[in-house]
Amino acid sequence: MAASESLLEVSDIHTYYGDSYVLHGLSLSLTPGKIVVILGRNGMGKTTLVRSIAGLTPPRRGEVKFEGQLLSGRTPYGIAQEGIAIVPQGRRIFKSLTVRENLMLPTSQLAKSGKRAPRAGKEWNLKAVLHEFPQLADRIGNLGSALSGGEQQMLAIGRALMANPSTILMDEPSEGLAPRLVQQVQEILVRLRSEGHAILLVEQNLGLALAVADEIYVISSGRFVFHGTSEELSRNTEVLDNHLGVAKGH
Ligand SMILES: Nc1ncnc2c1ncn2[C@@H]1O[C@H](COP(=O)(O)OP(=O)(O)OP(=O)(O)O)[C@@H](O)[C@H]1O
Ligand SMILES: [Mg+2]
């Protein structure tokens, strides 16, 4: 597949929770080696978009295509097997399992299925993940519950990489992290991009978004109200003021 070709195509998806109509026709595409950022305030539909792509809350209308194949009707596990990994909001690591056990879960599940996920440039395994996150190597035998918020976030990212995904959906990885750790998340994102992963980054952290995004979408009440580059968003005071709550001059 050519590097410029899109891996994931989301076309006019409409997603509901019961009668509650949350996503009102969203479209986007992801390309290898690019970071697409979805920015938006609380409750605007960011996680619902991630859930829609991953098959956790399938859209009622519209299409999600991955490598040209429709994902509708596929289970979340089947979608993960295709090579789409999630780093969920709030980390959601297993607190009663060790760091090693948390990391080994995706590979043992995928190995059982007899099918490996397609890969971006680099093969991820335990050694490579521990090299990427030395703080996890130091805590390999510790329970998830013993980790700091930053370590849990690195574990959640490391766990996603263990499945060797081509595409990574990251839901607010900077949430609740100190600036130094947000910086580490930024460095990881940039490295994953350079290794050819396609990344969908959901964020509320404007600084992180502007620093890493190849493209930004701003979501407001389940609709995209802006699509452009970091530079274009920085200049768009209407969107910054009305949809991101950033006062003029900041
Ligand atoms: N399981 C659910 N059942 C019903 N409504 C839900 C459910 N999950 C989310 N919603 C509603 O859908 C809307 C979008 O929620 P979503 O979690 O996608 O927002 P978000 O942008 O991820 O917010 P945050 O930044 O707080 O994580 C909100 O109005 C929320 O209350
Ligand atoms: Mg969310």
Side-chain angles (χ1 to χ4, degrees), residues 8 10-28 30 35-64 71-72 75-77 79-80 84-93 149-150 152-157 159-160 165 167-179 181-182 185-186 188-189 199-213 215-228 230 233 236 239-247 250:
L8 183 82
V10 174
S11 309
D12 192 29
I13 60 166
H14 298 255
T15 304
Y16 297 69
Y17 296 105
D19 291 336
S20 175
Y21 187 8
V22 176
L23 300 186
H24 298 256
L26 301 185
S27 303
L28 61 85
L30 292 189
I35 300 176
V36 172
V37 179
I38 311 294
L39 265 175
R41 291 192 289 219
N42 290 118
M44 291 303 170
K46 302 183 299 298
T47 296
T48 306
L49 172 59
V50 169
R51 294 181 60 87
S52 298
I53 296 169
L56 295 161
T57 308
R60 212 170 280 177
R61 281 196 283 140
E63 284 180 358
V64 181
L71 292 184
S72 37
T75 62
Y77 183 63
I79 291 170
I84 301 179
I86 301 190
V87 180
Q89 187 166 15
R91 347 298 190 201
R92 306 193 68 154
I93 58 154
Q152 288 186 11
Q153 187 61 63
M154 301 313 152
L155 179 54
I157 297 172
R159 180 181 58 183
T167 302
I168 308 173
L169 315 176
M170 285 203 201
D171 197 347
E172 297 201 44
S174 79
E175 198 177 17
L177 296 188
L181 292 165
V182 175
V185 168
Q186 182 177 320
I188 293 160
L189 285 164
I199 299 170
L200 185 71
L201 172 66
V202 160
E203 263 303 335
Q204 293 200 45
N205 184 323
L206 181 64
L208 174 59
L210 293 176
V212 301
E215 279 174 63
I216 300 182
Y217 291 83
V218 176
I219 187 170
S220 187
S221 301
R223 293 182 169 87
F224 289 145
V225 294
F226 170 89
H227 175 212
S230 296
L233 180 59
N236 194 325
V239 170
L240 292 173
D241 288 354
N242 296 338
H243 300 291
L244 297 171
V246 180
H250 286 265

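Side-chain atoms are counted along with the backbone in the values below, which use heavy atoms only and exclude waters and symmetry mates. Counting starts at 1 for both ligands and their atoms, in listed order.
- Inside a 4.0 Å radius of atom 2 (C) of ligand 1 there is at least one protein heavy atom.
- The CD atom of E172 sits 10.5 Å away from atom CG of L208, with the distance rounded to the nearest 0.5 Å.
- At a 3.5 angstrom cut-off on N or O pairs, S20 does not count as close to ligand 1.
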CA sep, side-chain torsions, deciding dist, call: I199, V212, side-chain contact (heavy atoms from CB on, under 4.5 Å): CA-CA 11 Å; I199 299 170; V212 301; over 6 Å; no

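- Of the protein's non-hydrogen atoms, Y17 CB, 3.4 Å is the one closest to atom 4 (C) of ligand 1.
- Between V202 and V50, the closest heavy-atom pair is CG2-CG2, 3.7 Å.
- Listed here is the closest heavy atom pair of G40 and K46: O-NZ, 3.0 Å.
- For the pair G150 and L181, the tightest heavy-atom approach, listed with the atom from each and the gap, is CA-CD1, 3.7 Å.
- Atom CZ of R92 is surrounded by 12 or fewer heavy atoms from other residues, nucleotides or ligands within 6.0 Å.
- Proximity of R51 to ligand 1 is not established, as no heavy-atom distance is less than 4.0 Å.
- Nearest non-hydrogen protein atom to atom 26 (O) of ligand 1 is N42 ND2, 2.8 Å.
- Taking backbone and side-chain atoms together, T48 has no N/O/S atom less than 2.8 Å away from the Mg ion (ligand 2).
- Of all protein heavy atoms, the one closest to atom 28 (C) of ligand 1 is G43 O, 3.6 Å.
- At the shortest separation from atom 16 (P) of ligand 1 among protein heavy atoms lies T48 OG1, 3.6 Å.
- Contact between S230 and I216 at its shortest, heavy atoms only, is OG-CD1, 3.8 Å.
- Not a single N/O/S atom of N42, whether from backbone or side chain, sits less than 2.8 Å from the Mg ion (ligand 2).
- Scanning both residues, H243 and S220, for their nearest heavy atoms gives ND1-OG, 3.1 Å.
- At the top of the distance list for atom 17 (O) of ligand 1, counting protein heavy atoms only, stands T47 CB, 3.7 Å.
- A donor-acceptor pair shorter than 3.5 Å cannot be found between the side chains of T48 and T15.
- Atom 31 (O) of ligand 1 is never approached by the protein to below 4.0 angstrom, counting heavy atoms only.
- Aromatic ring pairs are classed by plane angle as parallel below 30°, tilted from 30° to 60° and perpendicular above 60°; the pair Y217 and H227 is parallel.
- Judged by the shortest distance from any of its heavy atoms, G40 lies outside the 4.0 Å radius around the atoms of ligand 1.
- Counting heavy atoms closer than 4.0 Å to ligand 1, residue V22 contributes side-chain atoms (C-beta onward) but none from N, CA, C or O.
- Of all protein heavy atoms, the one closest to atom 27 (O) of ligand 1 is Q89 NE2, 2.8 Å.
- Only the backbone of R41 comes within 4.0 Å of ligand 1, counting heavy atoms alone; no side-chain atom from C-beta on gets that close.
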